[in-house]
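All values derive from a computational prediction rather than experimental measurement. Proteins get letters first, then strands, A, B, ... in listed order; numbering begins at 1 in each.
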Amino acid sequence: MNLHLYNSLTRRLESFQPISPDHVGYYSCGPTVYNYAHIGNFRAYTFEDILHRTLAYAGYTVIQVMNLTDVDDKTIRGSRQSGIPLKQYTAPYIQAFFDDAKALNITPAQIYPAATDHIPEMIALVQKLFDKGLAYKSPDGSVYFSVGKHPTYGKLAHLDRDNLRVGVRMNQDEYDKESFGDFALWKGWDQNDGDVAWDAPWGKGRPGWHIECSAMSMKYLGETFDLHTGGIDNLFPHHENEIAQAEGATGKPFVKTWLHCAHLRVNGEKMSKSLGNFFTLRDLLAKGYTGREIRLVLISAHYRQPLNFTFDALAAAKTSLERLDDCLDRLETLAAGTTPAEPLPGAKLVNQFDTAIADDLNTPEALAAFWKLVREANTEATPTNAAGYLQQFHRLDRILGIVDFGRRPKETIPPEIQTLAQARQKARAEKNWAESDRIRDLLAQKGWQVRDSKDGQTLKPIHA
RNA sequence: GGUGCGAUGGCCGAGCGGUUAGGCAGAGGUCUGCAAAACCUCGUACAGCGGUUCGACUCCGCUUCGCACCUCCA
């Protein structure tokens with residue numbers, strides 16, 4: 001597979017060539033565990049999953065690291081307000097994150113390092129920056145990175161330092177630093193931090209947000225690694241600062257390829273609590289939508305395009321997945337007892353699928369090929385090739401994750417329903433349409449839909 | 001002010017300098033006793049105005065509208 005990925009650093013589509021021929025080092029910015037992640041967060045994690053799966057599909061051994069930010073302003077605030085120790089406060093949100101990821105069929109990363117378990121590594125990295133003259137201590141006990149001493153600062157965000165200006169959300173007065181572009185590597189303890197503090201050579205405090213990702217990614221993936229992903233809003237300052245910290249300390253290139261996922265919108269608007277369009281995954285599950293439907297919606301747009309999340313789209317996903325399940329049931333019935341025979345059917349569409357995915361993870365195009373395969377299977381499947389079609393669907397599913405996952409379960413038909421169905425068969429054979437229709441209505445009332453075909457009738461449970 | 005992104009038929013959403021995206025919804029049809037499913041056909045879709053071109057939804061410019069980032073939001 002000739003995989004091409006859009007690199008935010010060069011702003012170009014590039015052929016992906018890993019540093020090591022057979023494995024890929026891949027870091028993704030994970031959740032800040034102060035609350036439940038929302039559906040927009042999960043768009044990014046789902047995109048990262050597609051990348052993970054694509055790399056595996058292409059034959060690489062993937063080492064994905066996703067951090068858990070379990071110490072920052074928000075986690076500390078939450079912990080203090082609820083009077084629960086920090087670790088205890090974040091634990092349920094970490095668990096919720098894993099549960100939610102599972103509900104979306106997201107392939108687990110290989111390593112999930114928590115920031116609070118890697119304080120020594122962060123201190124060591126800050127020390128290195130001190131040694132190189134890139135860090136300085138301020139009177140308030142914090143340590144800052146001196147952006148002015150790092151000439152390549154701004155290469156990811158393409159920021160011109162002369163044009164940096166104080167943003168509306170930046171309150172200069174809260175910071176005691178030499179130049180306004182400088183950012184905190186270490187935050188000196190203050191009373192709002194309560195008992196959240198670690199000792200460092202330069203004083204008591206806690207790590208800055210950016211240093212955790214630099215320290216943990218390099219610990220597990222080395223000083224230079226292949227891929228780093230996150231939401232587009234992390235591009236600046238977070239990722240820019242990660243680069244400055246890592247490259248400032250090691251003098252080596254940090255990451256070869258950066259990928260950023262665009263935002264999710266809700267009904268064309270930015271998701272926000274004040275607009276009432278703010279959804280967590282569990283909100284949607286509670287409304288009866290399934291992880292499988294949500295996953296399909298999330299992958300139905302290209303990751304670099306904003307995605308407009310609507311309930312209409314969710315309903316469309318539900319209907320199309322029913323069509324998929326019908327197709328799979330049909331294939332399994334046809335294929336019963338057989339094994340796939342070469343050459344496999346649908347090769348042309350599988351090829352289209354591969355080409356689309358290899359082109360910067362074009363999931364919408366890949367899905368188009370997938371649905372064409374559904375149509376082809378519905379039209380062309382026979383007892384001899386049905387097993388082959390099933391194998392092709394499972395192949396594509398290694399990336400999509402929507403075929404087996406959350407599939408309509410095969411329900412055993414209760415004896416009472418069996419009996420009614422047989423009675424209906426008999427009535428039909430006698431052309432007693434009134435009776436057969438009466439039984440059909442009765443079955444529908446009991447939650448079973450009847451479909452007639454040449455081979456007889458099939459029963460399908462009706463789910464509201 | 002800086003850096004970027006976007007505007008595609010009822011909805012979601014790809015794409016390409018000339019050839020069907022795909023899904024859902026809707027209309028008609030085939031099959032069927034009917035229904036369901038499946039399949040087939042259908043929508044005068046490319047924000048506006050100029051330009052380049054034999055030809056532009058696709059390239060260039062301008063305009064309008066929207067979105068993101070500019071110090072801790074995925």
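- When heavy atoms are screened at a 4.0 angstrom cut-off, A/Pro237 is found touching the sugar-phosphate backbone but no base atom.
- Shown here are the side chain to side chain donor-acceptor pair (under 3.5 Å) partners of A/Ser142, two or more places apart in sequence or in another chain: A/Asp140.
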Sequence neighbours left out, cut at 3.5 Å: what donor-acceptor pairs do the side chains of residues 440-447 of chain A make with other protein atoms?
| from | atom 1 | to | atom 2 | distance (Å) |
| --- | --- | --- | --- | --- |
| A/Arg440 | NH2 | A/Asp437 | OD1 | 3.3 |
| A/Lys446 | NZ | A/Glu416 | OE2 | 2.9 |

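- Side-chain proximity of A/Asp312 to B/A68, B/G22, B/C11: nearest is B/C11.
- Residue A/Arg11 qualifies as enclosed at atom CZ: its count of foreign heavy atoms under 6.0 Å is above 12.
- Between B/G18 and B/G2, the two P atoms lie 35 Å apart (nearest whole Å).
- Put simply, A/Asn362 has no side-chain N or O that comes within less than 4.0 Å of OP1 or OP2 on B/A14.
- If you check every strand for non-hydrogen atoms under 4.0 Å, A/Ala37 touches nothing.
- Checking B/C12, B/A74, B/G22 against the side-chain heavy atoms of A/Leu307 singles out B/C12 as nearest.
- Between A/Glu212 and A/Arg206, no side-chain nitrogen of the basic residue sits less than 4.0 Å from a carboxylate oxygen of the acidic one, so the salt-bridge criterion is not met.
- Counting only Watson-Crick and G-U wobble pairs whose two distances sit under 3.5 Å, RNA chain B takes part in these stems of three or more pairs: B:1-7 with B:64-70, B:10-12 with B:22-24, B:26-30 with B:38-42, B:47-51 with B:59-63.
- Annotation: proximity of residues 94-116 of chain A to RNA chain B (heavy atom, distance under 4.0 Å) is found for no residue.
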Distance-only criterion, 3.5 Å: show the donor-acceptor pairs between side-chain atoms of residues 295-302 of chain A and protein atoms not counting sequence neighbours.
| from | atom 1 | to | atom 2 | distance (Å) |
| --- | --- | --- | --- | --- |
| A/Arg295 | NE | A/Leu400 | O | 2.8 |
| A/Arg295 | NE | A/Gly401 | O | 3.4 |
| A/Arg295 | NH1 | A/Asp49 | OD2 | 2.9 |
| A/Arg295 | NH1 | A/Leu104 | O | 2.9 |
| A/Arg295 | NH1 | A/Asn105 | O | 3.2 |
| A/Arg295 | NH2 | A/Asp49 | OD2 | 2.8 |
| A/Arg295 | NH2 | A/Leu400 | O | 3.0 |
| A/Ser300 | OG | A/Val297 | O | 2.7 |
| A/His302 | NE2 | A/Asp360 | OD2 | 3.4 |

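- For A/Arg451, the side chain to side chain donor-acceptor pair (under 3.5 Å) partners are A/Asp326, A/Gln449, not counting sequence neighbours.
- Between A/Ala313 and A/Asn241, it is A/Ala313 whose nearest contact on RNA chain B lies nearer the 5' terminus.
- Spacing between atom CG of A/Leu51 and atom P of B/A74 amounts to 19 Å, rounded to whole angstrom units.
- Taking atom P on both B/U44 and B/A74, the two are 45 Å apart, rounded to the nearest angstrom.
- Applying the salt bridge (Lys or Arg N to Asp or Glu O under 4.0 Å) criterion to A/Lys204, with sequence neighbours excluded, gives no partner residue.
- As rounded to the nearest Å, B/A7 and B/U63 have C1' atoms that lie 13 Å from one another.
- Ring geometry, A/His239 versus A/His260: the interplanar angle falls from 30° to 60°, so the pair is classed tilted.
- Taken residue by residue, residues 345-359 of chain A places no heavy atom nearer than 4.0 Å to RNA chain B.
- With sequence neighbours left out, the salt bridge (Lys or Arg N to Asp or Glu O under 4.0 Å) criterion links A/Glu14 to no other residue.
- Taking the C1' atom of each, B/A37 and B/C65 are spaced 44 Å apart, rounded to whole Å.
- Taking every side-chain heavy atom of A/His263 into account, B/A74 is the closest of B/A74, B/A14, B/C12.
- In terms of modelled atom types and a separation under 3.5 Å, the side chain of A/Asn385 and the main chain of A/Glu380 share a donor-acceptor contact.
- The side chain of A/Thr319 has B/A25 as its nearest neighbour among B/A25, B/A14, B/C12.
- Classified by interplanar angle (parallel below 30°, tilted 30° to 60°, perpendicular above 60°), the ring pair A/Trp186/A/Trp202 is perpendicular.
- The same atom, C1', is picked in B/A38 and in B/C31; the two are 9 Å apart, to the nearest Å.
- In the displayed structure, A/Lys155 atom NZ is contacted under 6.0 Å by more than 12 heavy atoms of other residues, nucleotides or ligands.
- Nucleotides B/G6 and B/G10, compared at atom P, are 23 Å apart to the nearest Å.
- The side chain of A/Thr310 lies closest to B/C12 when the candidates are B/C24, B/C12, B/A74.
- Here, B/G23 and B/U19 have their C1' atoms 22 Å apart, quoted to the whole Å.
- To the nearest angstrom, C1' of B/G15 lies 11 Å from CD of A/Gln305.
- B/C12 and B/C67 have their P atoms separated by 16 Å, given to the nearest Å.
- Checked against salt bridge (Lys or Arg N to Asp or Glu O under 4.0 Å), A/Asp325 has the following partners two or more places apart in sequence or in another chain: A/Arg292.
- Nearest to the side chain of A/Trp371, among B/C67, B/G23, B/C69, sits B/G23.
- Between A/Thr116 and the choices A/Asp70, A/Thr90, A/Thr75, the side chain to side chain donor-acceptor pair (under 3.5 Å) rule is met once, by A/Asp70.
- One cannot find a donor-acceptor pair under 3.5 Å joining the base of B/A74 and the side-chain atoms of A/His260.
- Of the candidates B/C72, B/A74, B/A68, B/A74 carries the atom nearest the A/Leu264 side chain, counting heavy atoms from C-beta on.
- Taking A/Glu121 as the reference, A/Lys219 meet the salt bridge (Lys or Arg N to Asp or Glu O under 4.0 Å) condition, with sequence neighbours excluded.
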Query raised in the report: Taking protein heavy atoms under 4.0 Å as touching, what does nucleotides 26-39 of chain B look like 5' to 3' if B marks base contact, S marks sugar-phosphate-only contact and - marks none?
Result: -------BBBBSSS

